[in-house]
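For reference, the structure discussed in these notes is given below.
We're numbering straight along the sequence, starting at 1.
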Amino acid sequence: MPSISRPLRLGLVSAAMAPLLGVAACSGSGTSTSSSSGASGGGSSAAADSRSASDVVTDYLGYVGGKAGKADTGLDPVTLGWVNVEGGPGGNPEATLGARAAVKYVNDRLGGIGGHPLKLNVCTVVSAEEEGQKCGQQLLGAKEVTAIGVGNLYLGDASFNSVIAGKKPVLVGVATGPTMPTAKNTFSTFGDLPHIFGTWGTYARDVLKAKTAAVIHTNTPGDKIASGAAVKGLEAAGLKVKSVGFDAQSTDLIGPVTAAGANTADVVVPISVGGGCVGIAKALKQLNVTKPVVSTPLCMSPDVAQGLGGDLPTWTYGVAQTLPMDSSAADSKAFLKASAQAGLGKEDQSKVFAPLGWSTILTYAQVLNAIGPDKITSASVTERLKKFTGPVIMGAAEVKCGKYPDALAVCNDQARFYQYEGKGRFKPLTDWIRPPQ
């Protein structure tokens with residue numbers, strides 16, 4: 001179990017952050033089945049798809065349809081493009097590290113792609129929107145690149161998408177950038193913020209039996225989008241909601257927390273990052289608020305733990321991923337073991353974008369193997385991705401691309417909820433749940 005003092009970087013740092021696809025349907029091949037209790041009561045949407053069990057991916061060889069052993073380095077490589085924000089403040093280099101580890105695992109243990117080595121052509125966005133255009137041009141111009149994987153492209157996504165423009169398929173775990181959910185021939189395995197935050201309403205209504213909610217958020221563009229989505233999901237579940245924003249530089253948040261009605265609400269929903277999470281936690285403690293607090297992964301970061309004396313708030317956290325720190329989950333155990341064999345360090349394993357990168361590459365491996373190395377084109381990969389129905393590694397067992405006409409790239413609208421018990425221990429509270437119907 002990774003110590004919480006390690007840099008967990010669990011935040012989805014973006015203007016449209018969210019935890020949350022589908023590819024050539026594998027009909028459960030390469031999965032094992034485990035049961036976990038879903039949220040229940042108040043409607044069938046509480047237990048994910050009303051299923052009593054979830055398929056989890058633990059057999060990577062079966063999942064990708066590969067052949068045990070090493071790829072043949074004498075054959076021409078199959079090349080994927082990769083783009084991610086890293087190298088500057090707010091970047092997530094662990095996404096690329098997870099993707100590289102997956103490529104190494106595919107080549108060392110899963111036979112490559114039909115025997116051919118898998119290769120990444122990597123481009124990074126550091127700190128400016130226009131850098132996305134540079135990456136789009138690099139990967140569109142590389143003839144050997146037929147498809148592109150994305151880590152956390154919360155910056156540069158608009159200029160990147162304006163260049164790619166559907167000419168090559170794009171597979172992304174979390175559609176953090178605001179233009180990603182509507183980008184042509186783009187597929188998000190773990191979804192986007194507006195569609196995932198509806199699950200906060202389902203959880204509050206069906207598990208907590210809440211009638212009222214207090215939403216406290218930073219007045220930044222990203223947190224305003226997030227809070228709006230949370231309010232919409234809570235209200236759709238029938239809750240009465242009061243939402244109050246605060247300046248990102250504020251440290252004393254007793255006023256905003258009180259104004260949101262946290263003293264009397266049945267559930268408190270903080271939507272902030274870093275110091276904002278610290279301020280909210282301190283204010284709730286000072287006001288002696290004892291009602292459940294249901295937060296986003298943005299508050300699961302090392303600076304929050306540091307600001308609170310060395311550990312995270314013992315809140316409930318919603319996330320559209322099986323947490324890598326969930327020691328009870330078979331898919332987490334499989335990821336930790338396999339990625340370690342591929343050289344991914346423990347500290348990076350614990351950061352959510354590392355398994356997202358890992359998942360994206362292995363999903364591509366499944367698609368490319370199904371097509372065959374001699375028939376891989378941008379068009380053939382796109383068609384396979386359109387047909388993908390899951391399961392997703394460390395994600396939902398069933399996904400549906402194109403479900404939302406206004407966000408065709410979004411293939412998932414499910415999340416899970418965990419209780420943080422302190423000292424790095426997370427207890428799963430639900431299986432996958434969907435937004436209110």
Side-chain angles (χ1 to χ4, degrees), residues 21-24 26 29-30 57 59-84 86 93-124 135 138-151 164 168-173 187 189 334-335 337-344 348-349 353-385 388 392-394:
L21 178 144
V23 178
C26 61
S29 174
V57 180
D59 174 10
Y60 293 142
L61 184 63
Y63 183 77
V64 305
K67 184 178 181 181
K70 291 182 177 291
D72 186 346
T73 56
L75 298 176
D76 292 335
V78 173
T79 304
L80 291 172
W82 181 263
V83 59
N84 183 51
E86 58 183 277
E94 66 272 14
T96 300
L97 293 175
R100 289 190 185 280
V103 168
K104 179 174 173 55
Y105 192 81
V106 167
N107 289 334
D108 288 351
R109 296 175 179 268
L110 306 183
I113 305 300
H116 292 247
L118 184 60
K119 182 180 178 182
L120 285 187
N121 182 331
V122 176
C123 185
T124 59
C135 287
Q138 173 181 319
L139 299 179
L140 185 62
K143 293 183 178 180
E144 71 277 12
V145 172
T146 55
I148 300 167
V150 169
I164 299 299
K168 292 183 179 182
V170 174
L171 184 61
V172 55
F187 307 86
T189 50
F335 162 71
K337 179 180 179 181
S339 62
Q341 292 171 339
L344 188 64
D348 289 312
Q349 286 179 322
F353 279 105
L356 285 176
W358 175 272
S359 174
T360 297
I361 295 301
L362 289 179
T363 297
Y364 259 139
Q366 182 193 109
V367 171
L368 299 174
N369 272 326
I371 296 171
D374 297 331
K375 297 180 181 180
I376 296 172
T377 64
S378 293
S380 65
V381 174
T382 300
E383 287 308 306
R384 283 281 177 176
L385 288 171
F388 184 54
V392 177
I393 292 173
M394 297 182 75

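Looking at residues two or more places apart in sequence or on another chain, you find no side chain to side chain donor-acceptor pair (under 3.5 Å) involving E144. Considering only residues two or more places apart in sequence or on other chains, K168 meets the side chain to side chain donor-acceptor pair (under 3.5 Å) condition with none of them.
When all heavy atoms of P169 and Y364 are compared, the pair lying nearest together is O-OH, 3.5 Å. When all heavy atoms of D348 and A354 are compared, the closest pair comes out as O-CB, 3.1 Å. Nearest heavy atoms, T189 versus V392: CB-CG1, 4.1 Å. Across all non-hydrogen atoms, the minimal contact from G151 to V172 is O-CG2, 4.0 Å. Across all their heavy atoms, G149 and T360 have their closest contact at CA-CG2, 4.3 Å. Closest approach of A101 and A342 over heavy atoms only: O-CB, 3.2 Å.
Counting heavy atoms from C-beta outward, K375 and S380 have side chains that stay 4.5 Å or more apart. Contact check for I376 versus I113: side-chain heavy atoms found under the 4.5 Å cut-off. Counting heavy atoms from C-beta on, the side chains of L97 and F353 never come closer than 4.5 Å. In this structure the side chain of V57 never reaches within 4.5 angstrom of the side chain of L362, judged on heavy atoms. At least one side-chain heavy atom of R100 sits less than 4.5 Å from a side-chain heavy atom of V122. Inter-residue side-chain proximity for N121 and Q138 is flagged as met; some heavy-atom pair is nearer than 4.5 Å.
In this structure, F335 and W358 have perpendicular ring planes: the angle between them is above 60°, well past the 30° mark.
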For residues 71-82, which side-chain donor-acceptor pairs fall under 3.5 Å, sequence neighbours excluded?
unit_1 : atom_1 : unit_2 : atom_2 : d
D72    : OD1    : G74    : N      : 2.9
W82    : NE1    : T96    : OG1    : 3.0

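In this structure, CE on M394 lies 8.5 Å from CG on L356, to the nearest 0.5 angstrom. For the atom pair NZ of K104 and CZ of R109, the computed distance is 9.0 Å after rounding to the nearest 0.5 Å. Atoms CG and NZ, from L110 and K67 in turn, are 13.5 Å apart once rounded to the nearest 0.5 Å. Note that the CD1 atom of I164 and the CD1 atom of I148 stand 3.5 Å from one another [nearest 0.5 Å].
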Just do the side-chain contact (heavy atoms from CB on, under 4.5 Å) check on L118 and I361 with the steps written out, would you?
-> CA-CA 10 Å; L118 184 60; I361 295 301; 3.9 Å; yes
